[in-house]
Amino acid sequence: MGDLTPPQRAAALQTEGPLLVLAAAGSGKTRVITRRIAYLVGIGVPPWQILALTFTNKAAGEMRERVAHLMTQHERQTRGLTITTFHSLGARLLRRYAEVVNLNPEFTIYNSGDQATLVKRVIESMQLSTSNWPARSVLSAISEAKNKLLDAEGYAARAMDFYAKTIAKVFAGYQTALRAAGAVDFDDLLVLTAKLLRDNAQAREECNARWRYLMIDEYQDTNHAQFVIASLLAGKGEPNSNGPNICVVGDPDQAIYGWRGADIGNILDFEENYPKARVIALGENFRSTAPILAVADTLIRRNTRRKHKDLFTRRAGGDRIEVTICRDEHHEAALVTDWFKSLHEHRGEGPAVEAGIAWREMAVFYRTNALSRVMEDAFRAAAIPYTIARGTAFYEREEIKNALAYLRLLANPSDNVSLERIVNTPTRGLGNTTLARVEIFARQNEVQMLEALRSSARGEDSGINARAASAAGKFVELIDGWTGGGTFLGASVGASLAELVGRVIKESGLEEMYRKQAAVSKSEPDDERVDNLAELISSAREFELEFDAASDPAEAAPFAPETPPLLGMLRGYLESVALVADADTVDPSQGAVTMMTLHAAKGLEFPAVAMIGLEEGLLPHSRAAESESQLEEERRLCFVGITRAMRRLSITSAKYRTTRGISERTIPSRFLGEFGQQHVRVSDQSDAFSGNDSTGGPESWSDNRSGSQSLAPHKASNLSSLAGPLPYAVGTLVRHPQFGLGRIKSVVTGSNARAVIDFQAVGTKTLVLEYARLQRV
DNA sequence: AGAGGCAATTTTTTT
DNA sequence: AATTGCCTCT
């Protein structure tokens, strides 16, 4: 422990009773947690009595690895140690206590796409218009309720107006449909776990008996359900103690999930909940240079709702933060690209020979995912290797979703959303008409869709014709072939998960379907989808290897003892796929620049960081402009971004930005003016003719800012010259960036004025003038 | 039944 | 600009 600072050591050694560690950014928080776990085991606590909860799999994995590393150094066992995410823990507990919470132990975890499909179906079945009741907003209302531990009944009881009453009905219908499909959504994983622990003494006592030391990371981002889970898992503690052994670690200044129901009050009120709690603040920063820290500190001091703690470093020196005003997003991307290139190649000036910074040590942060595209193009053009932290992206590809839908149906035959997705993909003669009839039949006989298809195939009259019945028979046979008729046993059923996934992809006809599509489309054979399917098999193989290694005798119980190993593995695999986070895919071993949202950046650090899009409406985001508390959260988001940087930080703000096809004048982010002047170097590169650098600090553009606000809204130049009050004259010759030269044949005026244009190269097209980037010739 | 084309809509962050 | 959904044509 000699290498820890006194407060770090105090936090690691304080094993008994409630402990709140207020860990500033870069203060060695993970180090403290891992050392604490190692210390606990060192003084004789059995590892299986320790439970550490994180938010992402990546954080859990990293912690697990570091603990394992520490322990093997001291030749200690980690067997039974539980380091996992709230959601994974919920999933495991719910499988184990499935009957208690009235849940199918085979349950599938529905992601937001599945949820949307399901609510939409419920909304339609209630004869409501999906345009008045968009799935997204209905779901967010439901999610908000769930995070407060309100169920459909509770929500209905509080619903006063028509809107809330309707949501309540959809909520109830959605919940019924979820359960009918043997499915739970993300929120259910927390809500049902909280209820289980609250209402079932046996489950609670079993957990309390097993886990005697509880640790929670990123506590500032827990929502109410998570708070309840944590409190119940912690229990009351020994009669004469200061309270339970619960150690929470977090930083109120890094709370960025308020929109997801996270309650910053959980950490601010920790001392009220546990009056005898000890509080340890870790304020010393070991990550960033002094100027970076000073800027972060100056910014975050603007927040009123916070507990101030001094951020300090003992290191001296370091470059000033670069703030660059650029013309537009392309210019911005070019500046970042150049900067990264110079950092990479540059071997330092003068006596201090500084090695070039590796690609993997650089990152680009942005507020919204949409900003990544232009950066991506620039990196590709400049041949800079990059990766984007989007964990779900792979699993959201159509071909992968289809393959997974097959697998999910195997693991849970009631999963109707999955069945509907693939029953006719590739097409096998089970179209809408047939399915509608089978669904009626299924409802009348109170059986699952898959069963209804089976009956139809057997010749039972479900109202479908013979041809459809035979198609249904083939489909059911296919499924049974993979599951061994549901047993997951037998010679024809592969013993390996990867083998099963491979069989499904092949025998379902998915592979062939995409191969054919690739052959037909365009000139170049586009095998991307086929390749992705192959990658899915590899991911299953990888999981298989880890599944055995991670399998833990103390946790083996969740699945019923008679569960065939292959089925157990399949469920585990699907669960891991369902719970991936964006940040989970950040792999520092890759020699590539990482691009990610500010949210995904939390908990990471990079020697060189570029933050782009520091503009009003983007950061702070326009949707967060309603309240002061939302604005403060945006400021914290900015703070999180800044504090990820170890040595170099460059921030850009573009004067014009194209969103959804239209370029608009922007206003520099107010946060730029909150950095202070001392440690910032501002350079305005937006004027092509000047290389003017002003070192005056952010104040120097405050005039600029008010100036730009007073400017009349300025639409894209190409459009203001065209879409004016005068309609295009028929016969005008125009040029389109894609379609080339064309002549206007007719024009329809109005709010979405459009023109029919006859292009030389591609023939006649109807274009909306506002979006078509036309030039008069 | 199914594919392809056209039109309307899109605007945050994520387990 | 890009995606999604609806409608029509084969």
Side-chain angles (χ1 to χ4, degrees), chain A residues 53-60 84-91 109-113 115-116 120 130-131 134-136 140 143 146-147 184-190 218 221-223 225-226 256-262 365-371 373-374 389-393 398 424-435 467-468 471 517 520-521 575 578-584 596-602 613 617-625 630 633-634 636-637 640-641 657-664 716 737-738 751-752 754 765-768 770-773:
Chain A
L53 293 175
T54 63
F55 276 79
T56 65
N57 293 304
K58 170 137 197 296
T84 187
T85 66
F86 270 101
H87 287 84
S88 303
L89 177 77
I109 300 167
Y110 273 7
N111 62 27
S112 33
Q115 293 180 49
K120 222 180 136 197
T130 45
S131 47
R136 275 179 67 116
S140 78
S143 177
K146 284 188 175 181
N147 284 326
V184 299
D185 63 20
F186 287 133
D187 298 322
D188 285 340
L189 290 175
L190 302 178
E218 308 282 11
D221 285 329
T222 48
N223 62 29
Q226 287 163 326
I256 55 175
Y257 285 104
W259 53 273
R260 208 168 71 186
F365 301 156
Y366 35 79
R367 175 67 234 264
T368 66
N369 280 304
L371 295 193
R373 184 160 256 122
V374 178
R390 291 209 78 185
T392 49
E398 180 200 304
N424 205 30
T425 311
T427 54
R428 48 171 73 90
L430 292 169
N432 292 336
T433 330
T434 306
L435 282 181
R467 207 164 104 187
Q517 272 182 21
V520 169
S521 73
E575 186 175 303
L579 297 177
V580 282
D582 279 5
D584 292 346
M596 65 184 112
T597 62
L598 286 163
H599 283 89
K602 195 175 66 163
L618 219 41
L619 184 67
H621 197 271
S622 51
R623 298 281 286 240
Q630 285 179 317
E633 181 155 312
E634 295 291 304
R636 291 194 291 268
L637 204 46
V640 165
R657 189 172 293 277
T658 307
T659 323
R660 253 170 36 242
I662 35 177
S663 167
E664 277 188 314
Q738 213 178 323
S751 60
N752 271 325
R754 55 195 87 204
K765 300 222 175 251
T766 306
L767 300 173
V768 178
E770 198 181 347
Y771 297 114
R773 293 171 301 169

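Every chain is numbered from 1 and lettered A, B, ... according to where its sequence line falls, protein lines coming before strand lines.
- Residue A:D185 contributes atom CG, which lies 15 Å from atom P of B:dT15 at whole-angstrom precision.
- Using a 4.0 Å heavy-atom cutoff across all strands shown, A:Y257 reaches sugar-phosphate atoms only and no base atom.
- Considering only side-chain atoms of A:T368, the nucleotide from B:dT13, B:dT15, C:dA2 that sits closest is B:dT13.
- Protein atom CG of A:L190 is 8 Å distant from nucleotide atom C1' of B:dT15, rounded to whole Å.
- Distances shown here put a side-chain N or O of A:T433 below 4.0 Å from the OP1 or OP2 atom of B:dA1.
- Judged by distance alone, the side chain of A:E664 and the main-chain N or O of A:R657 form no donor-acceptor pair under 3.5 Å.
- Taking the 5.5 Å centre cut-off and the 30° plane limit, the aromatic side chain of A:H599 is not classed as stacked on B:dT13.
- Distance A:L89 CG to B:dT15 P: 17 Å, rounded to the nearest Å.
- Looking at the side chain of A:K120, the nearest of the listed nucleotides B:dT13, C:dG5, B:dT14 is C:dG5.
- The side chain of A:T434 approaches B:dA1 more closely than any other nucleotide in the set B:dT12, B:dT14, B:dA1.
- Looking at A:Y366, its side chain does come within 3.5 Å of a backbone N or O of A:M596 through a donor-acceptor pair.
- Nucleotides C:dG5 and B:dT12, compared at atom C1', are 23 Å apart to the nearest Å.
- Aromatic stacking is marked for A:W259 over B:dT13, as both cut-offs hold: 5.5 Å for the centres and 30° for the planes.
- Atoms CD (A:Q115) and P (B:dT15) sit 13 Å apart, rounded to a whole Å.
- Residue contacts shown for A:F55 are limited to sugar-phosphate atoms, with no base heavy atom under 4.0 Å away.
- A search for side-chain hydrogen bond (donor to acceptor under 3.5 Å, both in side chains) contacts involving A:S112 returns nothing, not counting sequence neighbours.
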- Decide side-chain hydrogen bond (donor to acceptor under 3.5 Å, both in side chains) for A:S143 and A:S140; before the verdict, give the C-alpha distance in whole Å, the side-chain angles of both, and the deciding distance to 0.1 Å. CA-CA 5 Å; A:S143 177; A:S140 78; over 6 Å; no
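- Taking side-chain N and O atoms only, A:N369 has a distance below 4.0 Å to OP1 or OP2 of B:dT14.
- Between B:dT14, B:dT12, B:dG2, one nucleotide has an atom nearer to the side chain of A:R136 than all others, and that is B:dT12.
- Atom CD1 of A:I256 is separated from atom C1' of B:dT15 by 13 Å (rounded to the nearest Å).
- If you look at A:F55 and A:H87, their ring centroids are not closer than 6.0 Å.
- Among B:dT15, B:dT12, B:dG2, the nucleotide with an atom closest to any side-chain atom of A:R623 is B:dT12.
- The side chain of A:R373 approaches C:dA2 more closely than any other nucleotide in the set B:dT15, B:dA3, C:dA2.
- Residue A:N424 places no side-chain N or O under 4.0 Å from the OP1 or OP2 atom of B:dA1.
- When the side-chain nitrogen and oxygen atoms of A:T597 are compared with OP1 and OP2 of B:dT14, one or more of them lie within a distance under 4.0 Å.
- A residue-by-residue look at A:G429 and A:Q630 shows that A:G429 has its nearest nucleotide of DNA chain B further toward the 5' end.
- Note on A:S143: every side-chain N or O is 4.0 Å or more away from OP1 and OP2 of B:dT15.
- Comment: A:R260 does not engage A:D221 in a salt bridge, judged by the lack of any side-chain N to carboxylate O separation of less than 4.0 angstrom.
- Put simply, the side chain of A:N223 gets close to the backbone of A:Q226: a donor and an acceptor are under 3.5 Å apart.
- Rounded to an integer number of Å, the gap from A:L637 CG to B:dT13 P is 11 Å.
- No engagement by A:G617 is indicated, since no non-hydrogen atom pair under 4.0 Å with the nucleic acid exists.
- One atom, CG of A:L53, and another, C1' of B:dT15, lie 13 Å apart when rounded to the nearest Å.
- Mapped onto DNA chain B by nearest heavy atom, A:R260 and A:L430 fall at different nucleotides, with A:L430 at the one closer to the 5' end.
- Rounded to whole angstrom, the span from the CG atom of A:N223 across to the P atom of B:dT15 amounts to 14 Å.
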